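Reading through the structure tokens given below for one structure.
Throughout, protein chains are lettered first and strands after them, A, B, ... in sequence-line order, and every chain is numbered starting at 1. Quantities reported herein were computed from a predicted structural model and do not represent experimental measurements. The analysis underlying the following values was restricted to heavy atoms, covering all of them including side chains, and did not include hydrogens, waters or symmetry mates.
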Amino acid sequence: MKTKIGSVKGAREFYPEMMALRNWLYTNMRAASQRFGYQEWDGPFLETIDLYAAKSGEELVKEQAFVFPDRGGDLITLRPELTPSLARMVAARQGQLPRPIRWWSFGPFWRYERPQKGRSREFFQWNVDLLGVDSPTADAELAAVSATFFQLIGLTPGEVKIQFNNRRLMDAEVSALGLAEKKKDVFRLIDRRDKMTPEAWDKYAGDMGVSPEQLTGIKTLLADRELWRKSTETVAFVEAARLLGIGDYLEYEPTVVRGLDYYTGTVMEGRDRNGEFRAIFGGGRYDNLLSDVGGDRIPGVGFAMGDMVIGLVAQKFGRIPAFRTSPAEILVTNFNEAGLPEALKLAQELRAAGLCAEWYPEAVKLDKQLKYADATGVRFAAIVGPDEAARGVIAVKDLQARTQQFTPRADLSALVSMIRGQ
RNA sequence: GUGCCCUUAGUUCAAUUGGCAGAGCGCCUGACUGUGGCUCAGGAGGUUGCGGGUUCGAGACCCGUAGGGCACCCCA
């Protein structure tokens with residue numbers, strides 16, 4: 001066996017079919033973003049570790065970031081998320097940017113983790129952020145952007161949902177139980193409610209110093225599907241979401257608190273209704289992030305959606321269209337060696353006429369050339385042999401309809417309208 | 001970072017207690033010298049992921065290692 005050089009563990013390889021899927025996601029993400037007036041932007045793929053050390057969360061920085069020294073010895077990080085770059089870039093031009101700031105982005109991110117279903121070390125992520133507005137209505141708009149994307153790719157409220165909660169609300173409730181000082185641990189406890197057995201969860205709570213009475217209080221909170229009504233913020237969020245027509249996608253979920261440290265208010269999470277897959281997207285309000293990276297206090301809200309889970313969910317519900325692998329509309333075949341120059345010329349004239357035309361590079365048997373058209377998904381084939389040349393025509397074969405007709409060589413517009421008219 | 005499973009032709013997978021490495025699909029050639037999907041016949045293609053060990057003999061057993069998968073952790 002020949003020497004094989006493998007790919008980097010967890011890195012993504014996009015063969016044309018997968019590239020088509022990625023572009024399909026990108027196209028719909030852009031459409032949803034632009035429908036609400038968001039502008040596309042991007043940050044650096046390389047950053048310093050310091051940018052994330054401040055607020056992203058210890059696990060993300062210490063365990064999951066790709067960090068390596070550059071040739072000068074400085075530590076470089078492949079970006080594990082986008083929000084800190086956004087905060088820095090906005091802070092750098094905080095006086096110049098018209099507000100509100102509505103920005104979206106789609107690009108690669110890296111996290112050093114064990115690859116598994118719906119997760120790799122290299123992934124693409126759609127980020128949407130709204131800065132300069134501190135209101136539950138702004139939070140609802142972000143939920144609406146994500147819901148619009150779901151609608152665009154055909155995922156219904158019966159298939160996916162947007163769960164929401166509020167950090168301030170949960171802060172107050174947890175503090176009321178006398179657990180203000182253990183808030184961070186308690187949030188972690190809440191986050192794991194559905195991931196552990198009830199017995200293990202109780203023990204976990206006891207181990208962190210939660211009394212039986214407090215534990216009962218937490219359970220009461222988490223069982224209260226109407227808890228959101230106690231917060232004017234969440235009530236306003238739900239009202240705005242209903243006005244935006246996405247109420248069917250929303251579901252209040254007290255256990256959603258999100259892992260990133262910088263969230264301050266509304267938090268949300270996209271899920272498939274069956275709970276078969278991990279989170280489709282995650283997001284929330286971060287009002288202190290900009291001041292934490294040296295800027296003014298500009299409030300913000302945003303979410304991030306990875307490309308892998310949404311791909312799995314779209315596939316499960318059969319919403320991924322059959323992509324054409326070849327962009328070519330017509331394949332110009334070669335009848336024999338003598339005809340090669342004429343075929344080459346014909347292909348170029350078809351391009352000049354506006355068609356995407358591919359030229360078969362060898363005068364092999366027609367049989368093989370047509371099989372190639374079939375295999376790559378090119379619908380039409382142009383054939384010019386001695387008979388056609390003598391009559392001044394081109395035989396145009398429609399491989400899909402299994403028909404063939406002749407069109408004048410001198411006037412390609414007839415051929416173009418025939419193909420485009422189909 | 002932890003645990004379990006997997007790796008044999010281009011690809012998906014077989015191979016009895018350790019005993020001559022095989023099949024489907026794909027590819028190539030022909031049936032069909034100017035026409036694709038179907039059919040039939042023939043053919044090419046392997047250092048069984050890599051490195052050690054046990055054995056008369058290893059695809060199989062043992063150790064290591066790389067890659068892949070699933071779950072945990074964390075999160076998109």
Task: Summary of salt bridge (Lys or Arg N to Asp or Glu O under 4.0 Å) pairs that have at least one residue in residues 146-166 of chain A, sequence neighbours excluded - done: A/E159-A/R319, A/K161-A/E251

Open item on the list: Can you pull out every salt bridge (Lys or Arg N to Asp or Glu O under 4.0 Å) where at least one residue sits in residues 8-18 of chain A? Sequence neighbours excluded, please.
Closed with: A/R12-A/D307

Task: Heavy-atom protein contacts under 4.0 Å, nucleotides 24-37 of chain B, coded B base, S sugar-phosphate only, - none - done: ----S-S---BBBB

Below 3.5 Å, can you tabulate the donor-acceptor pairs from side chains in residues 128-138 of chain A to any protein atom, sequence neighbours excluded?
residue : atom : partner : partner atom : Å
A/D129  : OD1  : A/Y286  : OH           : 2.5
A/S135  : OG   : A/T137  : N            : 3.4
A/S135  : OG   : A/A138  : N            : 3.2

Not counting sequence neighbours, which residues clear ring-ring contact (aromatic ring centres under 6.0 Å, His included) with [X]? List them please.
X	value
A/F406	none
A/W201	none
A/F14	A/F124
A/F303	A/W126, A/F281

Open item on the list: Nearest heavy atom decides the nucleotide; on that basis, is A/Y204 or A/G10 closer to the 5' end of RNA chain B?
Closed with: A/G10

Task: Length of the CD-C1' vector between A/Q116 and B/G3, whole Å - done: 12 Å

Task: Proximity to the side chain of A/R111 - top-ranked nucleotide from B/C75, B/C4, B/C73 - done: B/C75

Task: Sub-4.0 Å heavy-atom contacts from residues 21-42 of chain A onto RNA chain B, ordered by number - done: none

Task: Contact list for RNA chain B against residues 271-284 of chain A - heavy-atom distance below 4.0 Å - done: A/R278, A/A279, A/I280, A/F281, A/G282

Open item on the list: So A/S120, base contact, sugar-phosphate only, or nothing? Heavy-atom distance under 4.0 Å.
Closed with: base

TODO: Kindly state each residue pair satisfying ring-ring contact (aromatic ring centres under 6.0 Å, His included) with at least one member in residues 348-377 of chain A, sequence neighbours excluded.
DONE: A/Y360-A/Y372

Task: A/R278: salt bridge (charged side-chain N to carboxylate O under 4.0 Å, His left out) partners, not counting sequence neighbours - done: none

Task: Ring centres under 6.0 angstrom apart (A/W110, A/F68) - done: no

